[in-house]
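Every chain is numbered from 1, with letters handed out A, B, ... down the list of sequences. Any value given below was found using the heavy atoms of this structure, including those in side chains, with hydrogens, waters and symmetry copies removed. Since this is a predicted model, take the numbers as computed values, not measurements.
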There are 4 protein chains.
Amino acid sequence: MPDLESVVRDIAEEMRERSDRGDVATYIPELASVSPAAFGIAVAGADGEMVAAGDCDMPFSIQSISKAFTLTLALGKVGDRVWRRVGREPSGSPFNSIVQLEAEHGIPRNPFINAGAIAVTDIILSGHQPREALGEILRFMQFLAEDNSIFIDEAVAASEQRTGFRNRALANYMKSFDVLENPVDYTLGVYFHHCAIAMSCRQLAMAGRFLAHNGRNPATGLSVVSAERARRINAVMLTCGHYDGSGEFAYRVGLPGKSGVGGGILAIAPGKASIAVWSPGLDASGNSHLGRIALEALTQRMGWSVFGV
Amino acid sequence: MPDLESVVRDIAEEMRERSDRGDVATYIPELASVSPAAFGIAVAGADGEMVAAGDCDMPFSIQSISKAFTLTLALGKVGDRVWRRVGREPSGSPFNSIVQLEAEHGIPRNPFINAGAIAVTDIILSGHQPREALGEILRFMQFLAEDNSIFIDEAVAASEQRTGFRNRALANYMKSFDVLENPVDYTLGVYFHHCAIAMSCRQLAMAGRFLAHNGRNPATGLSVVSAERARRINAVMLTCGHYDGSGEFAYRVGLPGKSGVGGGILAIAPGKASIAVWSPGLDASGNSHLGRIALEALTQRMGWSVFGV
Amino acid sequence: MPDLESVVRDIAEEMRERSDRGDVATYIPELASVSPAAFGIAVAGADGEMVAAGDCDMPFSIQSISKAFTLTLALGKVGDRVWRRVGREPSGSPFNSIVQLEAEHGIPRNPFINAGAIAVTDIILSGHQPREALGEILRFMQFLAEDNSIFIDEAVAASEQRTGFRNRALANYMKSFDVLENPVDYTLGVYFHHCAIAMSCRQLAMAGRFLAHNGRNPATGLSVVSAERARRINAVMLTCGHYDGSGEFAYRVGLPGKSGVGGGILAIAPGKASIAVWSPGLDASGNSHLGRIALEALTQRMGWSVFGV
Amino acid sequence: MPDLESVVRDIAEEMRERSDRGDVATYIPELASVSPAAFGIAVAGADGEMVAAGDCDMPFSIQSISKAFTLTLALGKVGDRVWRRVGREPSGSPFNSIVQLEAEHGIPRNPFINAGAIAVTDIILSGHQPREALGEILRFMQFLAEDNSIFIDEAVAASEQRTGFRNRALANYMKSFDVLENPVDYTLGVYFHHCAIAMSCRQLAMAGRFLAHNGRNPATGLSVVSAERARRINAVMLTCGHYDGSGEFAYRVGLPGKSGVGGGILAIAPGKASIAVWSPGLDASGNSHLGRIALEALTQRMGWSVFGV
């Protein structure tokens with residue numbers, strides 16, 4: 001059995017030296033200005049240990065990684081009624097495609113493409129003011145990570161609000177099919193803000209622990225969700241967590257994972273670890289280039305793929 | 001830890017009594033005449049034990065389940081060059097969709113939709129006569145199952161040949177993009193025949209063992225494929241093995257699996273078991289209705305989902 | 001040569017008696033409350049004569065018929081640069097489809113589907129305040145019809161504003177590709193208002209005269225557009241004027257035409273007449289059911305099809 | 001009124017001198033070897049006169065232009081039942097797209113895309129041997145052109161048979177929906193052969209006369225089809241005759257027309273002339289580049305657009 005600490009340290013070292021780093025997202029200045037040289041990794045193990053390396057304490061914009069947590073919240077709020085408004089099949093399409101929505105009457109294919117995540121946000125929002133809903137999401141992240149310093153980067157949220165025409169198109173399109181209940185601007189406001197949550201790899205790995213441990217916090221033993229629900233969220237992450245690169249991630253890494261355009265990836269090794277990596281350069285599918293490579297190395301060396309022993 | 005034998009026996013009993021059985025495929029008479037009352041299950045465990053119940057010894061048409069084995073053969077033959085002719089992303093489309101092929105220049109999205117499996121068959125065929133290629137596939141199945149009585153149902157193959165216009169369209173379409181190397185009729189002939197292989201649940205569970213055990217036959221210890229390749233085939237099965245019902249299968253069952261229109265499903269619990277179920281009634285996505293339900297019950301009771309501990 | 005007056009009178013009579021009247025649009029209350037019994041027709045001939053019958057003086061919501069006039073205005077304003085932002089091919093899609101926009105990078109297929117008309121409105125708006133642009137459009141209609149009583153139905157505009165989520169999706173989608181220059185809300189405000197212009201058949205037939213007479217007002221001889229531009233607008237009306245029912249309209253009626261969801265159709269018999277019909281019941285493609293039938297009868301009896309002598 | 005002879009002579013002269021000639025089709029050697037320098041034009045006027053210039057007597061492969069004549073034959077054989085198997089809406093898609101077929105259950109959008117023309121050929125074939133059906137089509141062309149020397153270029157037909165995988169895909173796809181009645185190979189054999197008919201501009205202009213003159217041969221007064229049917233075929237030619245370049249052709253030329261990949265175009269000026277042009281270089285939509293430009297010049301100078309006086 002390899003030693004996790006040395007594996008993580010080696011990987012951080014290898015990633016630091018690679019010259020292929022992908023392309024940093026440029027659609028808003030706040031993301032464009034992040035250094036492509038950054039790389040961080042943090043692994044929260046089964047016995048409560050934390051192994052981290054590189055820029056593991058630098059906060060980054062978690063962006064779509066938040067979708068795994070809003071899905072968890074929405075399932076907690078309305079249970080399986082979530083699936084009346086969003087499917088759970090891989091889409092075979094880029095993150096912001098609108099084509100599928102037309103064919104399927106405004107029902108997004110899954111909760112991890114933008115349209116689906118907006119619908120999930122709308123579920124969380126219902127019955128609340130936007131500020132309350134957003135507070136609930138942020139507090140959930142702080143609770144899971146056991147760290148109240150986690151914050152929303154208002155500059156990122158404002159930029160997304162100003163330029164998010166494609167997401168506005170998706171939301172209005174769903175609204176035309178009555179898939180959204182709340183005013184489009186309210187739902188999008190909450191959505192843009194929860195995507196703008198800033199976290200470090202260490203905080204993110206902490207937040208994902210319940211998915212690796214049958215729904216429980218392994219340190220306290222407290223249950224966040226049922227074991228079945230944790231399994232099911234992992235299943236959706238594996239089949240849908242990387243847009244039209246989901247098959248590739250499953251093939252190479254072999255773990256449930258959720259990526260964000262900020263360059264972060266949360267990956268879950270059930271029964272073993274919650275893993276966060278971050279490197280801002282992206283591949284053609286919009287997923288962290290070095291992040292995926294680091295996870296592939298980690299699962300191979302640790303034997304953590306869900307598809308082998 | 002529940003007892004596998006009693007779990008399997010209970011499930012077979014429960015399935016026998018259910019009145020919801022799905023609809024038997026009717027596009028060829030040979031499949032249409034199969035009794036919807038049939039249900040079989042077989043589990044080949046890690047220590048070489050075999051637990052089976054119901055119609056576990058009745059041969060059925062494995063149809064698309066053969067695609068998992070032809071992919072294995074093609075990877076053995078040309079390695080990763082397979083992926084030049086077929087992708088490995090879920091398609092978000094039904095099994096016989098041609099739309100995706102137009103958008104992606106004749107390259108099928110994955111090896112488990114019909115177009116992709118035809119491309120894989122073409123790889124196996126290259127350099128051989130159809131009869132030789134077909135013999136190689138059949139002998140591979142017999143070798144894996146350790147049973148030379150496995151046969152091709154010629155009546156099924158002949159019916160598919162006579163009525164398979166959609167597959168003929170897919171093959172000609174790929175040929176127009178030079179994705180197929182061999183004459184369309186040769187490739188389709190081999191394809192229709194390997195889909196017409198008849199096997200029982202017991203034989204199929206035996207044949208799948210190498211995927212559950214890091215590429216090795218657990219009884220003999222002989223390696224069929226490398227551990228990495230076994231993991232990767234499992235990954236493709238999980239993300240793509242049930243057409244546009246793949247997300248649903250992952251969500252409910254939590255195992256890599258490959259279904260066939262004859263009502264069979266092969267599922268792999270890595271490190272634990274190779275499982276075959278068969279019930280000819282299908283759900284709306286073309287996957288065995290009771291087969292999926294039986295697998296969901298099995299993984300829940302045994303704790304075999306790859307997404308939990 | 002049949003007598004136009006008796007032909008028009010006969011058609012109005014026949015339409016009044018038909019029981020198949022299509023379905024009145026119900027998406028906003030202002031349209032839903034219009035009586036399906038209404039039918040009007042007006043024909044403005046080459047020598048300045050006007051023949052009208054039925055509810056020919058009752059104002060109705062011209063809706064998408066306004067798109068023929070906004071295209072004329074935009075061509076007058078920026079010339080062929082219009083075609084940098086909108087194509088001129090039939091779409092093969094319903095009026096509000098968003099699928100085509102994704103495939104073609106936000107460029108609408110033609111100026112008569114909703115997306116294309118919104119892009120055309122954006123061209124007219126550029127450099128102006130919404131109120132000014134709207135005033136320009138309204139005055140253009142009044143000028144063409146020689147009737148200053150033509151007005152915008154504010155209740156209709158307000159309803160469209162409140163419920164037009166699909167159009168808002170289209171506009172935001174184009175904005176994400178920089179196809180729109182102005183704030184989305186400004187452009188949509190002008191768009192919803194010019195669609196809410198109310199006119200009678202008599203007014204509409206007057207307004208269309210320049211298209212039937214090589215760009216000139218046949219009464220005054222004054223030129224509105226060049227002869228070539230009039231021909232080209234007619235060509236776009238014939239190939240694209242009825243959404244995915246354009247081929248059917250050309251096949252049955254044989255004239256350039258533009259329909260609106262309010263039940264009106266403007267048709268142009270080049271060299272002969274500008275024709276307006278109105279009946280609020282729609283067919284499956286969203287075009288006036290009796291309007292199309294009346295035009296088919298008119299062109300057959302008068303020998304006005306552009307496809308025969 | 002300009003003089004037709006000098007207009008035609010001028011245009012032939014201008015076309016000879018242009019250096020932009022498009023790209024000759026290269027998918028079969030028989031088309032690839034045609035000189036891009038060729039240009040021919042022939043105009044069959046209302047009073048039986050024929051004006052021709054350039055390579056007007058050189059036979060070329062009429063390819064898809066044959067679809068206008070097979071549609072005429074099929075309408076003569078089964079009347080409006082043709083429209084049960086093929087639509088009459090513009091497709092918004094390239095000539096050989098298969099996407100639309102999947103969405104519309106195997107019914108081609110119109111008779112002038114490849115799929116639609118194959119369905120039309122299948123109608124003509126029903127009840128006959130392929131050889132008989134092909135003979136009927138060829139004799140129809142010879143009869144219309146009053147020239148028994150018109151022939152099928154067997155080398156072209158053989159090349160198309162050998163390489164026509166896309167058409168074979170379309171045909172098998174329709175067969176899977178029972179849209180074709182005959183064996184796929186029979187229908188395709190007739191289709192490939194009628195596309196391989198070779199004609200000169202002079203012969204083609206002669207053959208198209210009935211469409212320009214209300215269904216009659218203007219020389220003999222004999223009726224080929226009814227006036228209404230001639231108008232309707234013209235309408236389908238105008239909306240669908242140039243694939244996804246149909247809107248552009250209507251906009252620029254303003255006449256019903258049908259193009260072929262051999263570089264020919266047949267255009268109809270109702271009441272005035274049947275026009276054939278030929279220049280083998282194609283534009284991006286697969287239509288003759290100089291052919292379209294020559295027709296645009298001809299209709300402008302003669303005032304023949306159907307969209308103006």
message: Under 4.5 Å from any heavy atom of chain D, what part of C:R109 do you find: side chain, backbone, both or neither?
response: side chain

query: Looking only at heavy atoms, which two atoms of C:G247 and D:E89 are closest? And how far apart?
result: N-OE1, 2.7 Å

- request: Specify which of D:S246, D:G254, D:S91 makes the most heavy-atom pairs with chain C at under 4.5 Å.
  value: D:S246

- prompt: So, for C:F307 and D:N234, which heavy atoms are closest and what is the spacing to 0.1 Å?
  reply: O-ND2, 3.0 Å

- prompt: Can you name the nearest heavy-atom pair linking C:Y251 to D:V236, along with the distance?
  reply: CD1-CG2, 3.8 Å

message: What part of D:P256 gets within 4.5 angstrom of chain C, counting heavy atoms only: side chain, backbone, both, or neither?
response: side chain

field: Which atoms of D:Q300 approach chain C - backbone, side chain, both or neither, heavy atom under 4.5 Å
entry: side chain

- line: Between the OG atom in D:S305 and the CG atom in C:N214, the distance rounded to the nearest 0.5 Å is 9.0 Å

message: Please classify the contact of D:A212 with chain C as side chain, backbone, both or neither, using a heavy-atom distance under 4.5 Å.
response: backbone

statement: So CD of D:E228 and CZ of C:R252: to nearest 0.5 Å the spacing works out to 8.5 Å

message: For the interface with chain D, which of C:A235, C:G87, C:A269, C:A46 has the highest count of heavy-atom pairs at distances below 4.5 Å?
response: C:A235

message: If we define contacts as heavy-atom pairs under 4.5 Å, which of D:G271, D:G308, D:A230 has the most with chain C?
response: D:G308

message: Salt bridge check, C:R232 against D:E248: does any charged N sit closer than 4.0 Å to a carboxylate O?
response: no

field: chain D contacts, top residue of C:A250, C:G245, C:C240 (heavy-atom pairs, under 4.5 Å)
entry: C:G245

